[in-house]
Structure formats: C-alpha cells, structure tokens
Chemist: 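One structure is given below, represented as structure tokens, and several questions about it will come after.
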Amino acid sequence: MNILIWHVHGSWLTSFVQGPHTYLVPVTPDRGPDGLGRARTWTWPPSVVERTPEELRESEIDLVVLQRPHEIDLTHAWTGRRPGRDVPAVYVEHNSPHETPVDTVHPVAGRTDVPLVHVTHFNRLMWDNGRAPTSVVEHGIIDPGQLWTGTEPRAAVVVNEPVRRGRTTGTDLLPRLAGAAPLHVFGMGTEGLARHLDLPPELCRTSELTQDRLHPAMARCRVYLHPVRWTSLGLSLLEAMFLGMPVVALATTEVREAVPPDAGVVSNRPDVLDDALRHFLADAAYAERTGNRARAAARARYGVQRFLDDWERLMKEVTR
C-alpha cells in the first residue's frame, strides 16, 4: 500500500516504517512541522519517500495515518480527498488526555469513519472516545542491543523540555531524587536544568544527543529513572529496558503494565524511589540482574515485529 503519514514522532515512526509498504511523508520548502520530510537523525528505509503537497494531489494513496487534528483538513487541502470518506484513514493518538484526565473528548470522537488507535490501554481508558471505533496497538521498539555497562554510578533520565513541562514530567521531583543518585538528564531543552533546579552540576549533568549516541550514553548509567507524572508511556523507558537497564519509575499511566516487579522498582512513594536508586548504585550485580529481566520483559511485549503484525492486521481491516 501507499500510506500517507506525517513525520511527527520520529522514534515511533521509525518503527512504523519498517513495514512492507511505501510511506509518503510530506515535505515543504521550510521543512516545518507539516513538512519535515525524511528523518535526519534516524535511519529510515528507502520505502519512505518525500512528497510535496503538489505531488500528493497526483499520488495514489491507499491509507492516511492521521496523528494531529488539523491533518484531517490538511489531507483534503493537499490531496483533494477527505479522510474516512474518499480515502481510508486511521487516527493514531500518541498522548494521554491533557486538559482533564477523564473528561477530555477526543477530536474524532464524533466520527465512525475514522478508527481511533491508542498506543496504550491506559490512554484508551482515559480519553472520551465517543462513537469512534477504538483499538490499541502497543509500542514496538527496534532492539538497540544489550548495551548496559552501568559503569557510571548515575541515574539516566530522558525528557524533552523539562523546565517548560515541569510537573507533568516530574521535573520538580529531580532535586530530591538527585540526593539518592546523581542524574544524567538527556533530551532537548535540558541545558541550564541544574541551575533551574538549584543543583550543583555534578548532581545534574545534561546532554542533547542524537539517537545513535544516546543509547550508549544511557547504557553507561547504572539505572534508568522515569519520574513522569502524566504522559503516555515513554519510548525512552522501553528503550532503556531493551538496553538492559534496571528501572526506577513512578507508578503512573501505563508504567505498572510495562515494568514487571522483577524489572525494577515502580512506586508513587518518594522514599521507596530513593531507596531503590541507592540500592542499584551500591550493588552493580543486582542492577545487572534486574536489567536483564527488564530487557527480557521488553523484548517479549514490545518487539517491533509484534508491533508491525498488529498494524498489518488493523490496516487490512480498515482498507478491505
């Protein structure tokens, strides 16, 4: 099939385009949010091809994968076809509802012609999906390999824009947790985080790395810390498990489902998280054993082939 999909979430899309189809990714001269084109920091196969809005109008399209509300009108404007009516379409919701955790109505809730696909069961439960037919396709991760060494007695944290997102990503919890384990915070917009949190630089190191450099740097840290209060299940958490890292995380959203009891410590009690971080830093062998179980659990549930198989079944159903 020819699948029209915007480059919105690079990590998720990197797994999605490993399938057997041709993926038409819009590109605009400014390579802005609606026309990023092919990825520059991820490796995508040749089956991902760029199309300008003018080219899309003449392109054969078998399925549209929507990810943002305005893409419904954008598809019509750029292709002349209405999603769900003139061309089959699905809407992938990557996030948990932000305005209110139980009363937020989804943008396609009033439609029955565009199936709504959530990435976690928690998200499907919390959104008001209305009349939209819903399903869940859990994340799939391309295995980066068991890279964990744990040579650095630090906790790795991966978060973009931690200052702006604040309590949502648990940024306010980091000063306390840094008292149990020095942090290395990876992600966009992390520069100046230590100063913002009034932490000495040695307790809050920051880096913004490309994906190929990020995984080895994460894996040198002894443990992965996930202090996020309210977002969808972070791909970085699953990637850490694939790397063989033990996990210390808040028991929020889908985390309890993703991290089995023997793969780390999941709790909403700060004192429990403190103790877990100290234990992993003090006992590298314990961290290694726990990380091995985390990797095994992630591979069993979040492998990329299972993800692609789930999507293949769904796409056949939508386009048949």
Side-chain angles (χ1 to χ4, degrees), residues 1-27 34-52 55-56 59-68 71-72 74-75 78-79 81 83-84 86-95 108 113-121 123-124 132-145 211-212 215 232-236 238-239 241-242 254 258 298-320:
M1 292 191 293
N2 289 335
I3 299 174
L4 170 61
I5 185 167
W6 274 263
H7 178 181
V8 177
H9 296 282
S11 293
W12 180 89
L13 192 53
T14 297
S15 293
F16 185 79
V17 300
Q18 303 304 313
H21 307 289
T22 298
Y23 305 90
L24 309 180
V25 178
V27 63
D34 290 332
L36 280 174
R38 281 179 58 92
R40 299 179 177 182
T41 55
W42 286 275
T43 302
W44 286 359
S47 56
V48 182
V49 294
E50 295 181 343
R51 289 288 184 268
T52 65
E55 291 170 332
L56 284 173
S59 296
E60 180 179 339
I61 300 171
D62 300 300
L63 176 68
V64 181
V65 178
L66 305 162
Q67 302 169 83
R68 299 168 297 175
E71 291 176 6
I72 296 172
L74 202 57
T75 300
W78 285 5
T79 72
R81 283 157 277 191
D86 305 318
V87 59
V90 298
Y91 190 112
V92 180
E93 180 51 67
H94 294 282
N95 301 311
V108 299
D113 56 350
V114 178
L116 176 55
V117 185
H118 292 285
V119 298
T120 72
H121 293 276
N123 288 359
R124 179 168 67 173
T134 62
S135 60
V136 176
V137 177
E138 294 187 322
H139 288 307
I141 304 294
I142 299 173
D143 191 349
Q211 194 80 352
D212 59 328
H215 287 155
S232 190
L233 182 62
L235 286 172
S236 58
L238 301 179
E239 288 168 353
M241 294 172 69
F242 268 89
E254 190 84 351
R299 293 183 70 194
R301 182 164 182 172
Y302 297 103
V304 70
Q305 191 56 55
R306 189 236 79 231
F307 170 80
L308 293 173
D309 290 345
D310 288 352
W311 266 107
E312 197 67 19
R313 284 189 292 271
L314 177 63
M315 290 190 292
K316 285 181 179 178
E317 178 69 22
V318 172
T319 60
R320 68 178 180 176

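We count residues from 1, following the sequence as given. Just so it is clear, the model here is predicted, and its values are computed rather than measured.
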Chemist: Might you point out which heavy atoms bring Q67 and Y91 nearest each other, and give the distance in Å?
Modeler: O-OH, 3.5 Å
Chemist: Compare all side-chain heavy atoms of V108 with those of I72 and state whether any distance is below 4.5 angstrom.
Modeler: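 Yes, their side chains come closer than 4.5 Å.
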Chemist: Would you confirm whether R81, through its side chain, and P88, through its main-chain N or O, come within 3.5 Å as a donor-acceptor pair?
Modeler: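 Checking the backbone N and O of P88 against the side chain of R81, no donor-acceptor pair under 3.5 Å is found.
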Chemist: Identify the two heavy atoms, one from A258 and one from L238, that lie closest to each other, and give their separation to 0.1 Å.
Modeler: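 In this case the closest contact between A258 and L238 is CB-CD2, 4.2 Å.
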Chemist: Can you check whether L4 reaches W78 side chain to side chain, under 4.5 Å on heavy atoms?
Modeler: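 When only atoms from C-beta onward are counted, W78 and L4 do not touch, as no gap falls below 4.5 Å.
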Chemist: Restricting to non-hydrogen atoms, name the atom on S15 and the atom on G140 that form the minimum distance, rounded to 0.1 Å.
Modeler: OG-O, 2.7 Å
Chemist: Counting only N and O atoms by type, is there a donor-acceptor contact under 3.5 Å from the side chain of R38 to the main-chain atoms of W44?
Modeler: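 Between the backbone of W44 and the side chain of R38 there is a qualifying donor-acceptor contact (under 3.5 Å).
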Chemist: Should V137 and R306 count as side-chain neighbours, where that means a heavy-atom distance under 4.5 Å?
Modeler: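 Contact flag for V137/R306 side chains = yes.
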Chemist: What distance do T43 atom OG1 and Q211 atom CD have between them, rounded to the nearest 0.5 Å?
Modeler: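 One finds 9.5 Å between OG1 of T43 and CD of Q211.
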Chemist: For the residue pair V114 and A132, what are the closest heavy atoms and their distance?
Modeler: O-CB, 4.4 Å
Chemist: At what distance, to the nearest 0.5 angstrom, does OG1 of T134 lie from NE2 of H121?
Modeler: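 Here the rounded value is 10.5 Å.
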Chemist: Heavy atoms, side chains only, cut-off 4.5 Å: are N123 and E93 in contact?
Modeler: no
Chemist: Side-chain contact, heavy-atom cut-off 4.5 Å: Y23 with V65?
Modeler: no
Chemist: Using only atom types and a distance under 3.5 Å, with no angle test, would you say the side chain of E138 pairs donor to acceptor with the backbone of Y302?
Modeler: no
Chemist: Do H94 and V119 have side chains that get closer than 4.5 Å, going by heavy atoms?
Modeler: yes
Chemist: Atom CZ in R301, atom CD1 in I141: separation rounded to 0.5 Å?
Modeler: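 R301 CZ to I141 CD1: 12.5 Å, rounded to 0.5 Å.
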Chemist: Within the structure provided, determine whether I142 and W42 are in side-chain contact (heavy-atom separation under 4.5 Å).
Modeler: no
Chemist: Over all heavy atoms of both residues, which pair between H7 and L13 is shortest? Give the atoms and the distance, please.
Modeler: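 Scanning both residues, the minimum pair turns out to be CA-CD2, 3.7 Å.
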Chemist: Looking only at the aromatic ring of each residue, does the gap between the centers of W311 and H21 stay below 6.0 angstrom?
Modeler: no
Chemist: NE2/H9 to CG/L235 distance, rounded to the nearest 0.5 angstrom?
Modeler: 9.5 Å
Chemist: Measure the NE2-CG distance between H139 and L233 for me, rounded to the nearest 0.5 Å.
Modeler: 5.0 Å
Chemist: Where is the tightest heavy-atom contact between I61 and V87, given as atom of each residue plus distance?
Modeler: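 Taking every non-hydrogen atom into account, O-CG2, 3.7 Å.
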Chemist: Would you say the side chain of E254 lies within less than 4.5 Å of the side chain of S232, judging by non-hydrogen atoms?
Modeler: no
Chemist: Taking N2's backbone N and O only, do any of them form a donor-acceptor pair with D62's side chain (distance below 3.5 Å, no angle check)?
Modeler: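 Between the backbone of N2 and the side chain of D62 there is a qualifying donor-acceptor contact (under 3.5 Å).
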Chemist: Could you state the interatomic distance from CG (L63) to NZ (K316), rounded to the nearest 0.5 Å?
Modeler: 13.5 Å
